[in-house]
Each structure stands twice: as C-alpha cells, then as structure tokens.
Amino acid sequence: MHPKATGIAPDESLPPAEFRRKRPLRWYRCPVEPSELRALVQRSDTRGLFQAVGHLAIWLVTGASALLFFQQEIWWAFAVALFLHGTVASFFTAPHHELCHATVFRTRWLNEFFLRVFSFLGWLNFHIYRFSHTYHHRNTLFPEGDREEVMPETPSLHPLYLLQLFTVNLTGGYQSRGLVPNLKQFVRIALNRFDNPFNSWGPELYEGFPKQRAKAKAWARTVLGLHAVVTVFSIGIGEPILAVIVSGSPFIANWLRYFAGVTQHCGLRSNVADFRKCVRTVTLDPVTEFLYWHMNWHLEHHMFVVVPCYNLKKLHRTVREDMPPPRTLIGAWREMRETWKRQQLDPGYAFDTPVPASRSRERGVADPLAASMGGLAPSEIA
C-alpha cells in the first residue's frame with residue numbers, strides 16, 4: 001500500500017473485487033422517472049466536439065500567444081500567457097476523466113481518439129484510471145474498496161505550496177499533480193513496476209488482470225516516447241520553449257484546478273452509502289465550469305454515472321428537492337478548512353452534510369440504468 005494512512009490494516013489490503021463480494025453496497029439514489037433519465041443520458045457528438053475542441057482551442061491560443069511573446073522578448077506578456085496556458089492545461093484531467101467514462105460522444109471512436117489526445121497532453125494513463133475510477137464509483141469513500149480517494153485529506157493553503165500552484169508544480173499533493181512524482185510514476189509503470197500505480201493503490205489494483213496491466217505499461221511507454229520526441233524536436237529547431245509549452249504545460253499554474261478539484265470529497269464522511277454525504281457539488285463561473293467539464297456538479301455525477309457532463313446541471317434541476325444545496329467555491333473551502341481544524345483534535349471527525357429525508361428508493365433501484373457504470377469499467381471488472 002501507499003504509505004498514506006488509510007485506516008486499513010496491512011492484511012486487509014485485498015483486491016477491490018473481493019471487497020465487493022464481502023460487502024455489497026446499496027447506494028441511495030434520488031428517484032428519477034425512467035423517461036427523464038433516458039433523456040438525460042443521451043450523448044451528443046456535437047456537444048462533445050464543442051467541449052473537446054473548445055478546450056483544445058483555448059490551449060492552442062494561449063500556447064501560441066506564449067510562444068509569440070517569448071520570440072518577441074515581451075517578457076511580461078509571455079509570463080501572463082504562460083500562466084493562462086498552464087491554467088487551461090491543468091484541467092486536462094477533466095476531459096481525461098469524462099472520456100474514460102465514455103459518456104461524451106455518441107460515436108465511440110471520437111471518444112477514444114480524444115481520450116488519447118488529452119491523456120498524452122496531460123501526462124495521464126487512462127488504462128490505470130479506468131480501473132481505479134470504477135472502484136471509486138462503486139465504493140466511494142469506503143477505503144477498503146476505494147483507494148483513489150482516502151479521507152481525511154488536507155485542504156492545504158500553505159504559502160510554499162501555493163507558490164508552486166501559482167508557478168511550477170514540482171512536488172504535487174492532494175488533487176495536484178507535480179512534475180517530479182508524475183514523471184517518476186510514468187517511468188515506474190513503463191518499467192512494469194506497479195507498487196504504487198495511482199493515489200493510494202498498491203499492486204492489488206491489477207491483481208489477476210495481467211493483460212490490462214500490460215496495456216497500462218504500453219501506454220506509459222507511448223507517452224514517455226512522444227514527449228521525448230516533442231523535446232528533441234523543439235531543441236532541434238532551436239525553440240526549446242516549445243517543449244515547455246507542450247509537455248510542461250500541465251504542471252504550470254495549477255491553482256484553479258486545485259481549488260476546484262479539492263472540493264469533490266475532502267472533509268466528507270467515509271463508509272456511508274449515500275452520495276449526498278460523501279460527495280460535494282459546488283457552483284462555478286461559466287469559464288471554470290467549461291474547463292472543468294462540468295464536474296463541479298460532482299454529486300449528480302456520482303449518483304448517475306452515465307449522464308454526460310453537459311447534462312449534469314439539468315439533472316441537478318430534476319433531483320434538487322432530494323439534494324443538499326450546492327456550495328459556493330468559497331463556502332466549500334470554508335467548510336473544508338473548518339473540518340480540517342476539528343480533525344486536528346478529533347481525527348475521526350468528518351462533516352455530516354444535512355440532507356432532505358430520503359424519498360422512495362424503488363424507482364431509482366428498479367431502473368438498472370440508474371446504477372450503470374456505462375463505458376467506464378473494463379470488461380474484465382464490469
């Protein structure tokens with residue numbers, strides 16, 4: 001296991017499939033009429049292209065601006081453009097997440113194509129993530145079965161950490177991918193070392209799945225090779241700044257992605273089969289919500305995984321009477337920081353989100369679409 005404290009004894013580091021057999025979970029889901037749910041799960045190539053191409057276009061514009069200002073030696077403008085470029089690139093984890101769910105495009109090959117584009121640009125391994133994230137959704141904040149998010153975590157505002165988040169993120173942290181640990185992870189996976197493939201996961205993530213493990217190794221080698229080509233090409237044409245703009249961008253100006261991403265689960269209850277208690281929705285401005293691929297509607301996403309990201313706000317309007325009110329970003333951070341301070345004195349404390357009285361479970365449970373993982377889970381663990 002990863003050295004992070006999980007509350008799991010070493011002999012309990014069992015494969016998550018075994019946890020599922022040992023402790024099947026019956027999640028509470030807000031009742032939704034089957035006809036409404038089927039309308040909400042409809043995918044659209046047009047909306048998917050707007051989201052994916054739009055994100056890439058913003059990244060290209062900010063990157064081209066940074067390159068132009070660098071060549072013209074307008075240093076203040078270069079610094080601003082590079083800061084914006086990194087801010088946009090730090091959100092590549094969002095399309096990677098959504099495309100792993102395979103809910104963005106109606107046409108499958110478009111989903112797979114853009115998944116590989118964002119995974120390459122963002123230094124992300126979608127093979128590992130699909131495995132980990134399947135268990136995260138099935139066992140959210142049950143640490144025996146979900147080691148992608150293990151509470152408690154620290155919503156850090158340490159000045160030196162913030163300095164990295166606003167400049168170059170070298171060491172990383174919770175919901176923050178540092179250059180050094182990310183590169184080390186890719187090298188380890190490329191060398192077929194899966195001692196700590198992702199977050200708090202150890203080798204048990206791939207126990208019994210050698211073919212899937214081989215795919216993760218191959219993709220790690222592909223990403224390392226492609227970024228090596230970018231670096232050699234950039235140096236070869238006398239523009240090494242290109243390597244920074246292309247390969248280094250996900251590790252520059254990670255501030256906004258960090259502030260938005262930490263709100264998903266931090267400070268909330270573990271070991272409770274009610275997403276309203278262990279997942280948090282926040283409201284964001286339209287630009288940040290677009291870059292985040294609407295994952296601020298995170299509670300809705302967990303409750304109905306197969307709903308495309310661009311329909312989550314509409315889903316919220318459908319179920320809001322059965323949901324806690326969304327937090328603002330500032331409100332969520334205040335809640336997390338207050339929870340963290342209490343945890344210094346009481347490590348077992350977690351914020352218990354007030355929720356409306358649960359309505360009938362029958363419709364939500366009877367409809368298999370409500371609990372579907374969609375295209376997320378690899379066939380071996382579906």
Side-chain angles (χ1 to χ4, degrees), residues 32-61 63 88-89 91-134 136-138 211-212 214-216 218-220 222-223 226 246 250 286-287 289-298 300-318 367-382:
V32 178
E33 290 291 344
S35 59
E36 288 183 278
L37 185 57
R38 275 156 180 73
L40 287 166
V41 302
Q42 295 304 308
R43 293 165 292 164
S44 166
D45 286 346
T46 301
R47 297 192 71 177
L49 285 169
F50 176 78
Q51 186 71 51
V53 175
H55 196 158
L56 285 172
I58 296 171
W59 180 77
L60 287 170
V61 168
V88 172
F91 279 97
F92 283 166
T93 53
H96 172 257
H97 166 269
E98 287 304 296
L99 293 161
C100 276
H101 276 283
T103 55
V104 179
F105 293 97
R106 179 180 291 273
T107 304
R108 179 75 182 188
W109 74 262
L110 282 171
N111 196 94
E112 293 301 306
F113 170 75
F114 281 105
L115 173 59
R116 283 158 177 78
V117 170
F118 283 108
S119 296
F120 158 62
L121 292 174
W123 288 85
L124 298 155
N125 196 317
F126 62 92
H127 292 291
I128 292 175
Y129 191 70
R130 275 175 165 165
F131 254 70
S132 171
H133 206 58
T134 295
H136 170 60
H137 273 279
R138 285 176 175 166
K211 291 182 179 179
Q212 289 291 338
K215 290 179 181 179
W219 179 250
T222 299
V223 170
L226 289 174
V246 176
V287 175
E289 183 168 332
F290 177 81
L291 292 174
Y292 200 23
W293 287 51
H294 312 282
M295 273 301 101
N296 52 301
W297 303 99
H298 208 65
E300 292 75 11
H301 167 65
H302 267 262
M303 195 169 282
F304 298 99
V305 177
V306 290
V307 174
C309 62
Y310 39 74
N311 286 341
L312 288 175
K313 190 172 184 177
K314 187 183 297 184
L315 170 62
H316 171 77
R317 290 195 291 266
T318 302
D367 187 352
L369 189 60
S372 171
M373 288 289 104
L376 172 63
S379 58
E380 291 91 335
I381 61 173

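Quick note: residue numbers are just sequence positions, from 1.
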Measure from the ring center of Phe290 to the ring center of Phe50 and say whether it is less than 6.0 Å. yes
Interatomic distance, CH2@Trp297 vs NZ@Lys313, rounded to 0.5 Å, equals 5.5 Å
Using the side chain to side chain contact (heavy atoms under 4.5 Å, CB included) rule, take His96 and Asn125 through it: C-alpha gap first, then chi angles, then the decisive distance, then the call. CA-CA 9 Å; His96 172 257; Asn125 196 317; over 6 Å; no
Taking the six-membered ring for Trp, is the centroid-to-centroid distance between His294 and His301 below 6.0 Å? no
Which pair of non-hydrogen atoms, one from Gly122 and one from Pro250, has the smallest distance, and what is that distance? CA-CG, 4.0 Å
Test of understanding: with ring-ring contact (aromatic ring centres under 6.0 Å, His included), list the residues that count as partners of Phe131, not counting sequence neighbours. Tyr206, Phe209
Do you know the tightest heavy-atom contact between Cys309 and Met295? CB-CE, 4.2 Å
From Leu99 CG over to Arg130 CZ, what is the distance, rounded to the nearest 0.5 angstrom? 9.0 Å
dist Asn311:CG -> His316:NE2 (nearest 0.5 Å) comes out at 14.5 Å
So, are Glu98 and Arg43 salt-bridged, with charged N and O less than 4.0 Å apart? no
Are the side chains of Trp59 and Leu121 in touch, meaning some heavy atoms are under 4.5 Å apart? yes
I'd like to know whether Thr93 forms a side chain to side chain contact (heavy atoms under 4.5 Å, CB included) with Leu124, so could you lay out the CA-CA distance, the side-chain angles of the two residues, the decisive distance to 0.1 Å, and finally the verdict. CA-CA 8 Å; Thr93 53; Leu124 298 155; 4.0 Å; yes
Between Phe114 and Phe105 (judged by ring centroids, cut-off 6.0 Å), do the two rings come close enough to count as a pair? yes
Please lay out, stage by stage, how Trp293 and Val104 fare under the test side chain to side chain contact (heavy atoms under 4.5 Å, CB included). CA-CA 10 Å; Trp293 287 51; Val104 179; 4.0 Å; yes
For the side chain of Tyr310 and the backbone of Ser44, is there at least one donor-acceptor N/O pair under 3.5 Å apart? yes
Hey, can you tell me if His101 and His137 have their rings parallel, tilted or perpendicular (30° and 60° cut-offs)? perpendicular
Of Leu40, Val41, Leu37, the one forming a side chain to side chain contact (heavy atoms under 4.5 Å, CB included) with Val306 is Val41
For the student: nearest non-hydrogen atoms of Ala52 and Phe118, plus distance: O-CZ, 3.6 Å
Assign the ring pair Tyr292 / Phe91 to parallel, tilted or perpendicular, where the plane angle (0 to 90°) is split at 30° and 60°. perpendicular
Looking only at non-hydrogen atoms, find the nearest pair between Arg108 and Ala102 and report the distance. NH1-CB, 3.3 Å
Quick one: pull up NE2 in His302 and CD in Glu300 and give me the separation to the nearest 0.5 Å. 11.0 Å
Stepwise side chain to side chain contact (heavy atoms under 4.5 Å, CB included) test for Leu312 and Phe304: CA-CA 9 Å; Leu312 288 175; Phe304 298 99; over 6 Å; no
Judged by modelled atom types alone, do Gln42 and Arg106 share a side-chain donor-acceptor pair under 3.5 Å? yes
Check: Gly374 main-chain N/O paired with Ser372 side-chain donor or acceptor under 3.5 Å: yes
Quick check: does any side chain N or O of Ser119 sit under 3.5 Å from a backbone N or O of Leu115, one acting as donor and the other as acceptor? yes
Using 30° and 60° as the class boundaries, would you call the ring planes of His97 and His298 parallel, tilted or perpendicular? tilted
Looking only at heavy atoms, which two atoms of Thr103 and Asn111 are closest? And how far apart? N-OD1, 4.0 Å
Using 30° and 60° as the class limits, which term best fits the ring planes of His55 and Phe92: parallel, tilted or perpendicular? tilted
